[in-house]
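What follows is one structure encoded as structure tokens, with my remarks underneath.
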Protein chains: 2
Amino acid sequence: MIEWRADSARWEQVARVIRKRIESGEYPPGRLISERGIVEEFGIAYTTARKVTAGLRTEGLIYTRPNYGSFVGPEPTDNE
Amino acid sequence: MIEWRADSARWEQVARVIRKRIESGEYPPGRLISERGIVEEFGIAYTTARKVTAGLRTEGLIYTRPNYGSFVGPEPTDNE
DNA sequence: AGATATTTGTTCGTATGTATC
DNA sequence: GGATACATACGAACAAATATC
């Protein structure tokens, strides 16, 4: 369970945890936990979980295939 | 960008802009810009954007379907 | 082809706390 | 002190695309 801190937004704190899991290899390249999964695990609202994935996406740490899922790693290109 | 004036509330100033767009036909009957869209475009807080739609709703200029969206025009009745 | 399950996408509704004028 | 505005978060409903069986 996360001990929420008052000095940063919850979505940022959750993003930090997931970022660490990616960097440590706990979340290897491939499918990421779903947004609803994040809701369940961290006990946050869906709208907040959306901000988590949006943040990680902006960082380039994950990419998202619409209506399907998010993935750890760089966005794949066409020719492959 | 809106140049905020001190003589009226921000939500009123934004409502005035949207009202003009409706009356000019720039916003035709049908779906209105979302509340979050208003937040983005005008650089105001969500709670303030809520007051904008509330005001336009009170005027009867728009109606809102909960959890779905706001629409330009009169509230539809059941029998049609 | 069709039904189903899964997942993301979008939107409004509501509440709380903080800051500023 | 009250009104206004901002930031954040939770909750809920529904839409739409995708993959699977």
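Values below: all heavy atoms of this structure, side chains included; hydrogens, waters and symmetry mates excluded.
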**OP:** State the CH2-CZ distance between B/Trp11 and B/Phe42, to the nearest 0.5 angstrom.
**Re:** 14.0 Å
Original post:
Starting at CZ of A/Arg5 and ending at C1' of D/dT8, how long is that distance when rounded to a whole Å?
Top reply: 18 Å
Original post:
Between atom CD1 in A/Ile2 and atom C1' in D/dA9, what is the gap in whole Å?
Top reply: 14 Å
Original post:
Between A/Thr48 and D/dC10, is there a side-chain N or O to OP1/OP2 distance below 4.0 Å?
Top reply: yes
**OP:** Please state how far atom CD in A/Glu40 lies from atom P in C/dT6, giving the value in whole angstrom units.
**Re:** 13 Å
Subject >> Gap between atoms CH2 and C1', on A/Trp4 and C/dG17 respectively (whole Å) >> reply: 17 Å
**OP:** Measure from CZ on A/Arg36 to C1' on C/dT7 and round the result to the nearest Å.
**Re:** 8 Å
Subject >> Residue pair A/Ile22 / A/Ile62, side-chain heavy-atom distance below 4.5 Å >> reply: yes
Subject >> Nearest-angstrom distance from the residue atom NZ of A/Lys51 to P of D/dA7 >> reply: 10 Å
Original post:
Rounded to the Å, how far apart are A/Tyr46 OH and D/dA12 C1'?
Top reply: 13 Å
Original post:
So what does B/Ser34 touch, heavy atoms closer than 4.0 Å: a base, only the sugar-phosphate, or nothing?
Top reply: sugar-phosphate
Subject >> Nearest-0.5 Å distance, CZ of residue B/Arg57 to CD of residue B/Glu75 >> reply: 10.0 Å
**OP:** By nearest nucleotide on DNA chain D, pick out whichever of A/Ser8 and B/Arg10 is the more 5' one.
**Re:** B/Arg10
Original post:
Side-chain donor or acceptor of A/Arg65 under 3.5 Å from a matching atom on the base of D/dT18?
Top reply: no
Original post:
B/Ile18 and side-chain contact (heavy atoms from CB on, under 4.5 Å): which partner among B/Val72, B/Thr53, B/Ile38?
Top reply: B/Ile38
**OP:** Describe the nucleic acid contact of A/Thr64 in one word from base, sugar-phosphate, nothing, applying a heavy-atom distance below 4.0 Å.
**Re:** sugar-phosphate
Original post:
Between D/dA9 atom C1' and A/Trp11 atom CH2, what is the distance in whole Å?
Top reply: 13 Å
**OP:** Could you check A/Phe71, A/Tyr27, A/Tyr63 and say which one makes a side-chain contact (heavy atoms from CB on, under 4.5 Å) with A/Leu32?
**Re:** A/Tyr27
Original post:
Between B/Ile44 and A/Ala45, which is nearer to the 5' end of DNA chain D once each is assigned its nearest nucleotide?
Top reply: B/Ile44
